[in-house]
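To keep things clear, I will list the structure first and then write my remarks on it.
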Amino acid sequence: SSSLVFVYGTLKKGFGNEWLMQELVSQQHACFVSAATTKLEFPLVCGPFQVPFLLNFPCQGHRVRGEVYLVDQAGLRRLDELEGLGKGHYERRSILVEGLERSLAQSQAVNAEAYFAGSSYAMEMLGAPHLPSYSTVEAENYVPRRNRPPGITFLEHVQAWIAA
């Protein structure tokens with residue numbers, strides 16, 4: 001079975017991890033559905049290395065703009081791996097999105113999966129500026145995983161960023 005997945009950061013077209021979505025599409029594990037917006041407001045913040053984080057605090061922040069893909073189970077496993085689900089980096093949760101071009105009525109909200117900041121640190125990121133979308137401005141200083149300092153885990157980078 002397949003799931004709708006809402007991407008709001010580096011997985012979007014034109015951003016740092018788009019390669020994975022392109023790979024999943026080319027292998028028929030995913031297909032692009034539409035641009036979309038969260039039905040409720042959520043804080044979207046940039047953390048260490050300009051990595052975007054959606055924080056699970058509904059009715060705060062902005063209605064976040066992103067993209068929706070239809071992704072099969074194999075594709076979902078690849079996304080979970082990239083997002084560090086087993087390591088507590090992100091948590092995959094259901095979210096209502098709307099504005100899908102292919103829905104019968106654009107105002108109709110549909111459930112999609114989205115990757116939220118891990119609950120172990122999300123509250124501490126709430127004070128960062130809230131963005132309506134992850135744009136080329138924020139992505140300009142994004143540091144890909146391969147270019148980050150070795151020998152320190154992603155969660156250690158997050159904690160250091162929060163402490164600073």
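Only heavy atoms go into these numbers, but all of them, side chains included; no hydrogens, no water, no symmetry mates. Sequence positions, counted from 1, serve as the residue numbers for this chain.
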Out of curiosity, [X] [atom1] to [Y] [atom2], how far, rounded to the nearest 0.5 Å?
X	Y	atom1	atom2	value
His29	Leu20	NE2	CG	10.5 Å
Glu81	Leu76	CD	CG	12.0 Å
Gln27	Asp72	CD	CG	9.5 Å

| said: Taking salt bridge (charged side-chain N to carboxylate O under 4.0 Å, His left out) as the cut-off, I'd like each qualifying pair that reaches into residues 20-34, sequence neighbours left out, listed once. | reply: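 Qualifying pairs, neighbours excluded: Glu23-Arg78.
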| query | Which residue pairs pass the salt bridge (charged side-chain N to carboxylate O under 4.0 Å, His left out) test when at least one of the two sits in residues 127-153, sequence neighbours left out? | reply | none
| If you group Ile, Leu, Val, Met, Phe, Trp and Tyr by side-chain heavy-atom gaps below 4.5 Å, do Trp19 and Val25 land in one group? | yes
| Taking only residues two or more places apart in sequence, or in another chain, which ones meet Asn56 in a side chain to side chain donor-acceptor pair (under 3.5 Å)? | none
Beyond-backbone contact of [X] with [Y], side-chain heavy atoms, under 4.5 angstrom:
X	Y	answer
Leu85	Leu79	no
Tyr115	Val5	yes
Leu96	Phe6	no
Ser119	Glu91	yes
Cys46	Leu131	yes
Phe116	Phe42	yes
Leu55	Leu126	yes

| With sequence neighbours left out, which residue pairs that include part of residues 67-94 fulfil the ring pair (Phe, Tyr, Trp, His ring centres under 6.0 Å) condition? | Phe32-Tyr69, Phe53-Tyr90, His89-Phe154
Atom of [X], atom of [Y] and distance for their closest heavy-atom approach:
X	Y	answer
Leu70	Val33	N-CG2, 3.6 Å
Leu40	Cys59	CD2-SG, 4.5 Å
Leu44	Pro52	CD1-CB, 4.2 Å
Ser1	Gln73	O-NE2, 3.1 Å
Met21	Leu11	CG-O, 3.3 Å
Leu4	Val110	CD1-CG2, 4.0 Å

| Side chains of Ser94 and Asn111, donor plus acceptor under 3.5 Å |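 Ser94 vs Asn111: donor-acceptor pair found between side chains.
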| query | Between the main-chain N or O of Glu41 and the side-chain N or O of Gln60, is there a donor-acceptor pair closer than 3.5 Å? | reply |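 A pair under 3.5 Å: no.
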| Test item: Ser135 side-chain N/O and Val137 main-chain N/O as donor-acceptor pair under 3.5 Å |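 A pair under 3.5 Å: yes.
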| Can you list the steps and then say if Leu54 with Ile95 is a side-chain contact (heavy atoms from CB on, under 4.5 Å)? | CA-CA 11 Å; Leu54 195 59; Ile95 188 172; 4.1 Å; yes
| Val97 and Thr37: CA distance, side-chain angles, deciding distance, side-chain contact (heavy atoms from CB on, under 4.5 Å) verdict | CA-CA 5 Å; Val97 294; Thr37 305; over 6 Å; no
| message | By the side-chain hydrogen bond (donor to acceptor under 3.5 Å, both in side chains) test, which pairs, at least two apart or in different chains, include something from residues 120-133? | response | Arg65-Ser133
| request: List the steps, then state whether side-chain contact (heavy atoms from CB on, under 4.5 Å) holds for Tyr134 with Val7. | output: CA-CA 10 Å; Tyr134 184 73; Val7 299; over 6 Å; no
Anything under 3.5 Å between a donor and an acceptor, one on a side chain of residues 155-164, the other on a protein residue two or more places apart or in another chain? List them.
{"residue": "Glu156", "atom": "OE1", "partner": "Thr153", "partner atom": "N", "Å": "2.8"}
{"residue": "Glu156", "atom": "OE1", "partner": "Thr153", "partner atom": "OG1", "Å": "3.4"}

| Step by step, would you call Gln108 with Glu98 a side-chain contact (heavy atoms from CB on, under 4.5 Å)? | CA-CA 6 Å; Gln108 182 180 7; Glu98 54 190 16; over 6 Å; no
| Yes or no on salt bridge (Lys or Arg N to Asp or Glu O under 4.0 Å) for Glu113 and Arg92, after CA distance, side-chain angles and deciding distance? | CA-CA 6 Å; Glu113 299 289 308; Arg92 183 161 37 91; 3.4 Å; yes
